[in-house]
Structures are given as structure tokens and as C-alpha cells.
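Every chain is numbered from 1, with letters handed out A, B, ... down the list of sequences.
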Amino acid sequence: MTEKTISIKKRFLRICHGLFIVFLLIQLFPDKISKESFAYYSIIFASLLEILILAVSLFTKKEKSLNLIIDIVSFVYVFLILWTLGTAKFNILKASFFPPPGAVFEQALRDRGAIFVNIRTSLGIVIQGYFLALVIAIPLGLFMGWSIRTGNAATYISKFLGSIPPVVYIPYGIALLPTFRSVSVMVIFLASFWPALAGTMSGVLNVERQIIDSAKSLNVHKASMLFQIILPASLPQIFIGCNQGLSVSFILLTSAEMIGARSGLGYYVKNFSDLGDYTRIIVGVLVIGIVVTVIVFFFNKLQSFLLRWKN
Amino acid sequence: MTEKTISIKKRFLRICHGLFIVFLLIQLFPDKISKESFAYYSIIFASLLEILILAVSLFTKKEKSLNLIIDIVSFVYVFLILWTLGTAKFNILKASFFPPPGAVFEQALRDRGAIFVNIRTSLGIVIQGYFLALVIAIPLGLFMGWSIRTGNAATYISKFLGSIPPVVYIPYGIALLPTFRSVSVMVIFLASFWPALAGTMSGVLNVERQIIDSAKSLNVHKASMLFQIILPASLPQIFIGCNQGLSVSFILLTSAEMIGARSGLGYYVKNFSDLGDYTRIIVGVLVIGIVVTVIVFFFNKLQSFLLRWKN
Amino acid sequence: MMNKIEVDNLSVSYNEGNKRFTALTGISFTVQAGEFISIIGSSGCGKSTLLNVLGGLIAPSSGRVAIDGIPVAGPGKNRSMVFQHYSLFPWMTARNNVVFGIKHAATKLSGKEIVSRANSFLEKVGLENFKDKFPAQLSGGMKQRVAIARALAMDTEILLMDEPFGAVDAKNRTLLQELLLKLWEGNSDDTIFPIGENVSQPPRERKTVVFITHDIDEAILLSDRIIMFANSPGRIFKELEVHFPRPRSRSSLVQTEEYTKLRNELLTLFYKDFGSNI
Amino acid sequence: MMNKIEVDNLSVSYNEGNKRFTALTGISFTVQAGEFISIIGSSGCGKSTLLNVLGGLIAPSSGRVAIDGIPVAGPGKNRSMVFQHYSLFPWMTARNNVVFGIKHAATKLSGKEIVSRANSFLEKVGLENFKDKFPAQLSGGMKQRVAIARALAMDTEILLMDEPFGAVDAKNRTLLQELLLKLWEGNSDDTIFPIGENVSQPPRERKTVVFITHDIDEAILLSDRIIMFANSPGRIFKELEVHFPRPRSRSSLVQTEEYTKLRNELLTLFYKDFGSNI
Amino acid sequence: GGKSESQSQPKAPSELIPFRLGHLNSTAHLLAFVAQEEGYFKEEGLAAELTQFSSAAELAAGLESNKLDVAFIGSVPAITFQATGHDLTIFGGAMTNGHGYVIKSELVPAGFKEGDVSVFKGRNIASVKNSVQDYELLVLLKNNNFTIGKDVNVVYFNNQTEAYNALQSKEIDAVSVYSPYASRAKSEGYTVVYYCNEKTEFHDQPCCRQVASTAALKANPALFQAAERAFLKAYKFSQENHSKTVDDVNKYIPLARDLVEYEVYGGHSISKPDPDKHATVALKEGVVNFGYTNDYDIDLLYNTAIYKAALDELVKANPNDRIYSELVTHFNQYQ
Ligand SMILES: Nc1ncnc2c1ncn2[C@@H]1O[C@H](COP(=O)(O)OP(=O)(O)OP(=O)(O)O)[C@@H](O)[C@H]1O
Ligand SMILES: Nc1ncnc2c1ncn2[C@@H]1O[C@H](COP(=O)(O)OP(=O)(O)OP(=O)(O)O)[C@@H](O)[C@H]1O
Ligand SMILES: [Mg+2]
Ligand SMILES: [Mg+2]
């Protein structure tokens, strides 16, 4: 529990560096696939990652953050090693489905301009739909969860509505909303609204009775009860809902961004998936994953700030 | 807080009966749409509902259950009224997108055989994928959340993986899994796995320290800690995750059941959505909604049994 | 004097699955405005249940509970509570917990006044160095003192306190008892300004206090009347008036003969109830 | 006698955001096997922190803590704890809470034996009618008694108890004190069979007990030695041996002169520390 | 005659009429891409905005809510949408033919000749629901006296990608493809059973149609005629400038260039604006017979006048153009 300075050993003697070396050694095997494997690119990528992690190891102060990053990077290396072995080196996996990692990095580098535009477009839509959803779902969830009677029926109604697949409501959105972009935003909105609402309502219903009694005995008015008592007390559950909403948003981005858009990460993935371009599909998935990871990182920061009273 | 017998007034003088009457009165307006509105069917449906609720009002013992059912039925009536007015009566909504309620009930009745088969098929797939997901995700989430170090990196990795849209992994599933049904099951599995995992991990991370300290002081071994302490303590959050997984499962049913299947609710909806048959799309959505509601009902029962110690 | 609190043939039972458990039965008593009563009784006899009923958190199963002649239908601005479980809001610092209480009791004070009032009460309970800590960073006794500071700072007509000094050491207990008595008597020093009134105004009316304790000496020292509860089901067993003049001095009181007599009477009664139930 | 517990120059500090708060500093003492020591000290002086360190739940910031000569690295099968917050598992009934504790202390007993042991201890703490209730359905004092029953039923070599009788009324307190002493002395009656041994075997060794209390009389009655803590930062202020012969009788003890002397000495010491810190 | 003038004097952007077209990510919608890239819309006074969608349902919703003027919709969905009461009219073509079927080579008997459907006997065939290729398959199987479920199994998938991937599985023996997949399949060692353009049953088989809301077509025929002229010019361009056409298409469909080229000029499909009413009506009959949808009066929802007027104007302006005259011949023969 005590925070000491991190020892040199703990800083630099880590399994992840071993994995990096394994990855490099693997490159010595001859390629077994007919197509260009672009091993060069994957070596550059891994080396950049290694430099990054060495820098982090050198400068980070908190052992916990260092562990986190090392764990994630180790995972990435393991993944890269298996991927390289399975594709370029042993050709176990069908080449048309499983491009070697180098090819993916090469493609990503070639498409980098489009990718940045895609990230911007997608973030625009996601931020709009997602925050609109949170801003409505959280207060509504607090209110409905608190008025237990509506709350109970609302659980069912919201589950009912939350299970409608987007293929159903997208045509209605196109018919009723003013612009195609607003339909995309609506899809993201619906994707995140129901999880956020469900998480909030469930959080409210699970607030400890002692806390509620204590607040009641202070005779707090409704707004205070909802926002100063129930909201902080159910924050962990609200975060589950919001996090879940984020995942569903990105899952449905492929549906959301096929409505009148020509850019966006979902568009990129869906479009190339329809065309069967697996290298680019993987590029798209990796980019989505990285974007999600970055957002989750800030989410976690926010969460641990808001829940700092929990120890 | 005291449980008294429900008064006659509370049993029968409810706004929902008024709504039923309003619904009937509305039928007196002349139809404004060119197509057959099948008002007859929607009157039958509403009347059956009314008889049902009167029976429930007469026999139910718990005021809470009665309230719940009355709230839900009121919601249904309001929805039916607005729907009837918007379609058959005032024709505000485009008829090809918004069939009148009667037409939907009529269609549902005509397709009832297929619908039952669809429900059976879908339930088969969902139950298999969903329970497989829960059986793996919950213990894994407990374990990962508890070994905080992996837990932290796992949050990111699971978010990364949980945001991959099914259009990406379905082709891989088709190529790699033995049967097409197993691909459908895989889609449902992935749909529910990540939410359940995330909910469980988050639950574990939010268990009160006092509880954990108390358990530690008893020197419990790991399995006991996970399943007898952490599991019950994080049940509310696990339920959020599982519930969310259920919703996503049904959302993705439209993708899952288009893989080599010829029946299922997702197939029904997606198929008729491709054909532009909005009457049947709505039938499908209603059936999915009802199935989800029924499942959620049993889920809630289970939850309140497992959390009965919470008062 | 008027009846501030009237309890008439109160019964409370809890739902336990399909069964019902009777926690209190046939409770009747009144509390005068300005009176300080203590409730003692063995563990599980329903003291906390009664306090929750007075606080408006539990509805009676039968019988009548009225405050100022009006039946209790829920919590009210005229009451503040200290719970047996301390019940602070874990996401608020000690100070904010007190501020939150004051804010909801007295909207007339400005934000600044509320904060300085909160500070002053935290100092009075000996927490001057712990105002900015969250409950999880406080010791058991400290949490309890924050809860006491909150209730006292709210300056309500009625104080409902459930073993408020149970987790506090002997020294702090003495200090807190004195603080409580001073506030009850309406004696305000410069830092404890009454809410919504000017310090220059005449001393205000006494508060009405219902005080649960396990400590017989504490009960005698503080109260005008002691109500003893008996167990299974919870019911009133005996009421005793405490006639010592106020202000009472702990040390001199202990030496009087009446004190010893009253104390022995209480102990005997207590153990009698005991014998009949265990 | 051997040193069961050794604490050598122990300091504990808590992280508070970027700062650190020193709760205990320079604590050194030893406890002999079979010794009963009490710790008293004003609220917030670090008593619970110390107990958590002994229980293996908090790691020392510096210094050494050893049990049976082995540094404490975590909780161990030789210890059981009663927390100040009662810390029952809310999803287990009173009985299951006790059963759970016994199961993890003594895997040698059969399921049936464990349950009957749990029942017997719940009866001993006066909860024969409340075995099947969940903690939320119990009163404060009842919860505390379940926690005591759990710790005692585990029959460990070391008992770490943090104000275990704080929420219990006077009568129950007397009963529980006697129960504790009886178990400590290894006197087993027919219902309290020791774990893993035959009832016919000779009386077992005394347990080692570290007992936190706010009640000076309780400390004198129970302990072989009293350690007084002082505040800000928490440190040892004084150690006092209690030499009264055992078994001690409450009523006769109170009448002796030595008792009064010791009590007054403790009180004086207590208030001295007090004066220096408030 | 004024139209030939507009051809030579492109209008200023401010005078252009907005024209909103919805398409899918398919090379089948080449006419729109070329018309846009070669500036034919502008020549006709239209400020065209091309928007990509992912399903017929979305395109139809766009048309019916007046957010799109024209959509290129697959011919089967176009028909089923009409049948379910959507007030949409077909007034031109987008692509004809373009599908084929491939089978695992080890399942082909020695001496197999391309076009011999009997190799499907006892096989599991992957297909995509509500698609022209599915319809074609059903027709061929029926014509060869196969009973589905007994002599042959048809297994359905979400989309072409998934259906094609199903060939990786043991459960599937053959699959529908569109043309770039056919060559890809060949290169991966599969055998092509047939291309639909080689089957007499599917002569002029419509693959995608130009669709608009009936009301809009009635209200503003001039707009649609202008658009049709642009499509016709694009068709002419695509027949005469292969390389530039492939470039234009590649801008919208980011497949490898050789695949796009194969798709467009592989000889198995043709992107032609002709409404091909005969073939479409025949398709409708078939679709209804196979129980996809109810019967309806397609005449009410079919407009060949716009195409005819547009073509006539172009022929008048370019009387000696070979391509336009061929289109006239084709039109006269098949409407
Ligand atoms: N929520 C509940 N559900 C069921 N029974 C309850 C509940 N709360 C309390 N009880 C029961 O009611 C009785 C009275 O409880 P209460 O908490 O009022 O006792 P108390 O006098 O405050 O005891 P203590 O001095 O131990 O705090 C007890 O027997 C307890 O088991
Ligand atoms: N988790 C924590 N974070 C920060 N400070 C803490 C934490 N836990 C306790 N403290 C501080 O450590 C000091 C000692 O706390 P501890 O709980 O050990 O006191 P205690 O002697 O048991 O008091 P009490 O008699 O009131 O229970 C207190 O000042 C408290 O504020
Ligand atoms: Mg109590
Ligand atoms: Mg403590």
C-alpha cells in the first residue's frame, strides 16, 4: 500500500521487452506467403511501441500506470507474434482473410489521410449522439428510478425499446429527420441512450437504504435528492451504463455511417467489408479500437476522480 | 410501508380503464386511409388486454404487481391511441411506413405459425449464446476484476474487443466455425459476453472495502472470495451487464440470423425490412419486444430473489 | 407546556418475506416541548425503530404519532436525526456533510454563513483538522462526531439521537454531552449563532430531545425523563422522572444520595426485564 | 512465556490524494502468548489502524510486526477479528455469517458440526431467535453480537477486537464480557467444543487477545495489561499492568482500593493526554 | 432543340438545380459515378449530390421523405417495395446481368461444361435473400426440376461477403457471386457454373433500376429527363472510354483497379439506362410466383416516357451517334 520509488528492476526488467525480442527474432524466419508481407512495417511499428514504452518506463512516477501500460503492450506483442506466425511465417491462416501485420500497417500508413478524416467525422457524430443521450438518459433515469412506480414499468418499456435493431428504425429516421447526418446521430443516440438509462435506473434502485434514509431525514427537496444524493451514490452503475453505451455506439457506427455519409470509421469498415478488403477491415477495426481505448482512458480518469471518495 | 389489502377503488378506479374507453371512442371516427384499417383486430386486441387486466385486478394480491401491470397497459393504450390517430384516423404518417395497428394485428395473426417457429429458433440461439457468454464472462470478470492488475489492462482490452462490429467478425466466423448455426450463436455470444464481462469487472472493482476486509480477515481462499463474497456483493452490477447483453443480443439477432438460417425473429425482421414490408417489420419488432419483456420479467424475479437481503 | 410529541398505541411490524415481525407494540407516551427524554432498553427492543417512526422514515403499522398535534407523514423540517449507523454521505467531505445538512434546514443563511457555521460546529466536536476529509478517511468516532455536528448545526426544534456517543471515547463523550446540553438550553456563544435570528435576541426556546443510550449515567445526567423499553415484543416497561436541578454538574451529582438511588433503581429494573427475557 | 505478537517501531500513514497522513508512529510493544491486553485512547488516535495492521489488512509504512516471530504479510488462520463497523456479509443470514467464519477457520469439522457450533454461539450471544435473519433485519447491537459470535466461534489463537461491545446495552455487555473471558481461559462447556479437538482433552492454552475499548472499567475488568494511546500522531502514551487475580468478580473488584486507584490513575492519564491535545 | 445548347454552355453553379441521388457501394451504379465525374449532370443544369446508403429500405425511405430525387435500387427490392405499397416508380435502368455461380472444383464431374446446372444436385448453395441472383438461382433450379430441400439446399446469408466466405465451410458447396468475385473465385481454384448473361432465361435481366417517388416524377418530369440525359451520356462515355470510366468508378468503389475493370468490362454485365420493361415485368411475375411478395399492377408504377423523351432529344441533337441509335433500337424492341 505504501508508495515507494519504483526500483530499476521493476522499471526495466519486464516480460514485455522479452516479447519484443521474440517478435524481432520471429522475423528471421522466411516468409511462407506468396504476397508481399511488409514485415518491415510491422518491425517499425513494434520498435516505435518499444521506444514509447521505454520512455514511459523511464519517466513515469506511478507504478500502477507503468504496470497498466506494460500489460497492454505485452498483450499487443503477444498478439503481433501470434499474428505474424499464423500469417506470414507459417501461413496457417487463409491469406485472403488474414493479411500479415506488416500489410495492415502499410495499408494504414497509405490511408492515413482518410483515416484522420474518418476519425474526425466519427467523433463528431459519436460525441453529438452520445452526449445528447447521456444528458437526457441520466437525469431521466434518476427521475424514473426514484419514482419507483414509473421506474418499475419503465424497466420493461426501456428494455422493449432498447432491443429494437437499427435496421428497423433507420428507415423511419431517414423519413422523419431533417438531414441524413441527423439520422446517424440518432442511431448513436439510441445506441447509448438505453444502456445509460438502464444503468442509471438500476443504480438508483440499488442505492443503500441508509443513505436514502439519512437524506430523507435532512428533508432534502427532490432536485437535491436526485442530483446530490442519488446521482453520486449510483455513479458506479451509471458509469457501467455509459461505458456500455459507448461500446454499442461504436458497434452501430457501421450502420450509422452508411446513411448518406462518405467518411467515418464505421463507413470505412462497412464499406470495405462489403467489398471484402480484409486488410482495410482490420485497419478500420484497429483504429476504432484505439479510439475507443483512448476514450475509455479519459472515462476512467473521470470516474476515478468522481469516485475518489471511495478510497 | 405496511401491506394492507387493496381497496376496491385502488383495484378498479384506474386511469388505464379510461384510456381503454378513449381507445374505443376513437374507433368511431371515420377512417381516413385508403387501405383497409382492420380496426376490428385492434379492438379485439385492446379488449383482450382489458379483460386480462380486469382479471389481474380482481385476483392479484400485491399492490405493487398490480401497479406495474396497470402502468404497462396504460402505456400500451396511450401508444395504441396515438398510433391509431396518426395512421387510420388522421393519416398524418405515411401509410407505407406506418400501417394502422389493426393491420399489424391482422398480419401477426396470419403469420402466427411462422412467428412461433421464429420465437423457438431465436430462443434456441439466444439461450445458447447468451448463457455460454454468462457462464464464461461472470467467473472471468470476477477473476480479472479481483486480480486488479490484469483487471485494469483488461478493461481496455475488453472495451477494444467489445466495440468490434459484427460485420467484421461474422465473415471470420463463417470461415472458421463448423456450422452456420454456431456462427449465429457466436454473434449472440459476443453480443452478451462483453457487457456481462464489463459489468462484472466493474462490480468487483466497486465492492465496498469493508466487505473485502471482513472476508480477508476470515482468511478465505480465492474461490470462496470470488464466489461467496465478490459475486453476491457485485450482483447488482452483474445484472446490469447481463441485462445489457440481452438487449444487444436481440439487436444483433438481425445479423446473427441471416447466417444460413431460414427462421428466427431477427431473420423475420431483416428479411421483411429488405422487402420493405413495414407491417411485418412492426409485427417482428413487437414480438421481439414481448419476448424481451418476458425474459426481463423472469430476470427481475431472479434478481429480487437473489437480492432479497437488501430489503 | 404543550405536547410536542404524542405517541398513542403505536405498533410497528416489519415484513420478512411472507411473515411479519412485530418490533414495537402498544407504545404510548408524550414528550413536552423543551423536554429531554432518554430511552434505554436492551439490544433489539425497538429503540431505533421508534426513532425512525418519529423521524418519519417508517410508517406505523397501527396507532398514532403526532408532532405539534399533526400526524407524522414523513420527515419534516422541525426534526433532525443522528443515526446509530452514522450515515454520512461518503462523497462529501466532513464539512460538506454538515453544510448539506444546514442548507436543507435553513435556507435563510447565505452560503458563507452556512460554511462558517459548519466550520464552527466541526470545531466544537473536535474535528478542526479533519474538515476536508471524506468519511472513508475518518475513524469510527470521528464519523459519529460529524453526524452529531450536522444534526446540531441544523438547529431544529426536535433532536432525535440514536446512541450518538456510542463510538466516542470517554473524554470526547463528556465534551459532547456538555455541548449537547448547552445547545439544548438555547445558550448560544458567539460562534453558534442561531439560524435565522439575531444573536442579540433573547435566548430561544429549548429544543425537544429524544435520546437513545445504553449508558445509564449518561441518561441520568442529561434527561428530564427516562423511558425504559422491554423486549420481545418491544414495549414500554417503565417511565422515570429525573428531578435533579439544572445545570447539572457531573462530579457533584454522582456524590448525591438521590443519584445513587435512582441509578440503582434503574439497574434493578434493567436486570429484572433481563431476567424475564433471557 | 513467548512473544506472541511483536510490534517494533511501527508507523502507518495513509495516502490522501497527493499527501500522506501519518496515523501511527513509533509504536513498539509485545504481547505474550495467552495475554489479554486492552488498548484505550481517544477517538482517531489510530487504534483501529493498529488492529488492521495486526490483522494483516494494512501493511506497515515502516517498522516490523511479527506474530509467532514471523512478519505479518497478510491475514492468517491464527487470527480472527471483530471490526468496529460490524462487517457482516449482508447476503448471509446471521447463522450463515457464523458458519462461513467457522468453515474458513476449521475445515476439519463436518458441515453438521459447523452448523451446530454456529447455533450454539449465536445462542450464547442471545440471538437464538434471530439466527435466520439477514443483517439488514437486525438491530445495531444484534449485528455486533453476530460479529462477536463469528469471531469467537472461529476459535483462533489470537482475537483482535475493535470496540466489540460498543453498540450493546449494559446487560448484554456483562454477559458478553463473561463469555469472552470464559472462552479466553479455554473453559469449554458442553456446547462450545473446541475445533479439531476432543472435548475430553485437557483445557487448552489461553488465547491471545488484543481488545480496543472506550470503557475504562471494561479494560480493567478484562485485561492483563492496558496500553494507552495518544493522539496526533497516534503513539503509545503509557502501559499499565493490571494485577488483579483471576477469575475476577465485577462486584467485589469494584470495592477494592486498588481498583479505585488504578481507575483514577487511568482517568488522570486520559485527561492529561486530553488537555495536551484539545 | 434547346438541349444541345445547354450541352455546349454549362450553366453557372448558382443556376443549377439541386439533384439528389442515392446509390449503394456497387459498380452497378456506374452511370451515376461517370455522369458526376464527367460533368454531365452540370451540363444538364443539375447540381448533383451523390449519397451512398447501405440498403434498399434506406434508399426508399429517402425517396419517400423527399430527401432523394432518384435512387438506384436493386430490381428485386424495387419490385417488393412497390408491392408493399410504397409509391415508387421505376423509370430507368442501372445495370443488367452481372451474376454468376461458382462451385468447389472437387465437386465437378469430369467433362463438365460451363452452364450445366445439374452439378447443383444434392449440393448446399449459399445465396443472399431478396437478391436478383437468388431469384435467378430459384428459376434455374425450378427449370431443371430441382425440389429445394430435397434435391438441393439453399442457405441464406446477410450479404455477398458472408455468402462468399461460406465457401470456406464444409457445409457449403456453391455460392452466388457477382462478377469480381467470379474472377476471384476462379483464381482461388473454384469452378464457375454459369454466368447469368449466358442463360437465355436471363436475357436483359435487370439488376438495378432507377427509382423515384411517383408524385415527384409526375410533378417535375423535366428534372428527371435532364438526369436521364446525363445517364445516357455517361453510358455513351463508358462505352467509348474504358480507362477513364474505370478511374471514375474507382473513386467511388475503392476496390483494386483490376477488379473494377473486370467488373465493368468483364463482359458479364452492362450498365445501361434502358428501363427494360419487358424483362422487369417478367422478373416481377417470377418474384410473385416464388412467393417473395403479393401481386400488384406494375404498369401503374412503370414510366418509360421519361427515358424515351431523353433519348429522343439526344438522338435529335446527335442524329448519327451509333450508341444512341442502338439504344433506340433496344428500347423499341423491349418496351
Ligand atoms: N428491516 C427490518 N426487517 C425486519 N426486522 C427488523 C428490521 N429492522 C429491525 N428489525 C427487528 O426489529 C427489532 C428492533 O430493532 P431496532 O433496531 O429498533 O432495535 P434497537 O432497540 O435499536 O436495538 P439496538 O440497541 O441493538 O440498536 C429487532 O428485533 C430487529 O431484529
Ligand atoms: N483510509 C484512510 N485514509 C486516510 N486517513 C485515514 C484512513 N483511515 C483512518 N484514517 C485516519 O487515521 C487516524 C486513525 O484512525 P483510526 O480509525 O485508526 O482511529 P481510532 O483510534 O480507531 O478512532 P476511533 O476510536 O474513533 O475509532 C484518523 O485520524 C483517521 O482520520
Ligand atoms: Mg438501535
Ligand atoms: Mg476505531
Take B/Asn219 and D/His104, measure what side chain to side chain contact (heavy atoms under 4.5 Å, CB included) needs, and give me the verdict at the end.
-> CA-CA 7 Å; B/Asn219 224 325; D/His104 285 91; 5.5 Å; no
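- Sparse packing is recorded around NZ of D/Lys19, with 12 or fewer heavy atoms of other residues, nucleotides or ligands lying under 6.0 Å away.
- Each of D/His85, D/Lys77, D/Lys103 has some count of heavy-atom pairs under 4.5 Å with chain B, and the biggest count is that of D/His85.
- Atom CZ of D/Phe83 sits about 5.5 Å away from atom CG of B/Asp213, to the nearest 0.5 Å.
- No part of B/Glu208 comes within reach of chain D, as not one of its non-hydrogen atoms sits under 4.5 angstrom from that chain.
- There is no contact between D/Leu160 and chain B, counting heavy-atom distances below 4.5 Å.
- Neither the backbone nor the side chain of B/Leu307 comes within less than 4.5 Å of any heavy atom of chain D.
- Environment of CD1 in B/Ile15: sparse, with no more than 12 heavy atoms of neighbouring residues, nucleotides or ligands closer than 6.0 Å.
- Other residues, nucleotides and ligands place more than 12 heavy atoms under 6.0 Å from the CZ atom of B/Phe299.
- When all heavy atoms of B/Leu218 and D/Phe100 are compared, the closest pair comes out as CD1-CD2, 3.7 Å.
- Ranked by non-hydrogen atom pairs under 4.5 Å with chain D, the options B/His221, B/Gln228, B/Arg308 are led by B/Gln228.
- Here the CZ atom belonging to D/Arg79 is positioned 10.0 Å from the OG atom belonging to B/Ser217, to the nearest 0.5 angstrom.
- For B/Ser214 against D/Ser87, the heavy-atom pair with the smallest separation is OG-O, 2.8 Å.
- The two residues B/Ile211 and D/Leu88 make their nearest non-hydrogen contact at CD1-O, 4.1 Å.
- Taking both residues in full, the closest heavy atoms of B/Lys216 and D/Leu57 are given as CB-CD2, 3.5 Å, listed atom of the first, atom of the second, then distance.
- If you take CH2 on B/Trp309 and CD on D/Gln137, they are separated by 12.5 Å, rounding to the nearest 0.5 Å.
- Each of D/Ala136, D/Ala147, D/Pro90 has some count of heavy-atom pairs under 4.5 Å with chain B, and the biggest count is that of D/Pro90.
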